[in-house]
Amino acid sequence: MTTKVLTVSGMTCSGCANRLTKVLTAFQGVTSATVTLDPPLATLEVDPGVTTQALIERIQKAGFGATAGEPG
């Protein structure tokens, strides 16, 4: 397993975080996903073949923005 952390933009409430958690855990190769509103992060345990770009695209399809890494 590999851990990936993405900064998520566009979430306005805990419902957004919950919805995005469901979207990400349904993605093939994602073992677990934790999405928090503050800080706006998605922390994922994924199979080695899952790319960061694929995760970002999935988040964008759900209506949010994402970048690799933690806000800094």
Considering all heavy atoms, the nearest Thr25-Ser32 contact: CG2-C, 4.5 Å
Under the rule for side-chain hydrogen bond (donor to acceptor under 3.5 Å, both in side chains), what residues qualify as partners of Thr21, not counting sequence neighbours? none
Is any side-chain heavy atom of Lys61 closer than 4.5 Å to a side-chain heavy atom of Val23? no
For a 4.5 angstrom cut-off between non-hydrogen side-chain atoms, does Val50 reach Phe27? yes
Write down the atom of Gly69, the atom of Leu41, and the distance for their closest heavy-atom approach. O-CD2, 4.5 Å
Mind jotting down which residue pairs meet the side chain to side chain donor-acceptor pair (under 3.5 Å) criterion with at least one end in residues 48-58? Sequence neighbours excluded, please. Lys4-Thr52, Gln53-Glu57
Residue pairs involving residues 34-49 (criterion side chain to side chain donor-acceptor pair (under 3.5 Å); sequence neighbours excluded): Thr3-Glu45
So Leu6 and Ile59, side chain to side chain contact (heavy atoms under 4.5 Å, CB included) or not? Walk me through it. CA-CA 10 Å; Leu6 304 172; Ile59 291 169; 3.6 Å; yes
Is Leu55 reachable from Val8 through a run of hydrophobic residues whose side-chain heavy atoms are each under 4.5 Å from the next? yes
To the nearest 0.5 Å, atom CD1 of Ile56 lies from atom CZ of Phe64 at 15.0 Å
Quick one: does Arg19's side chain have a donor or acceptor within less than 3.5 Å of a partner on Ser14's backbone? no
Which heavy atom of Pro48 sits nearest to which heavy atom of Thr2, and what is that distance? CA-OG1, 4.0 Å
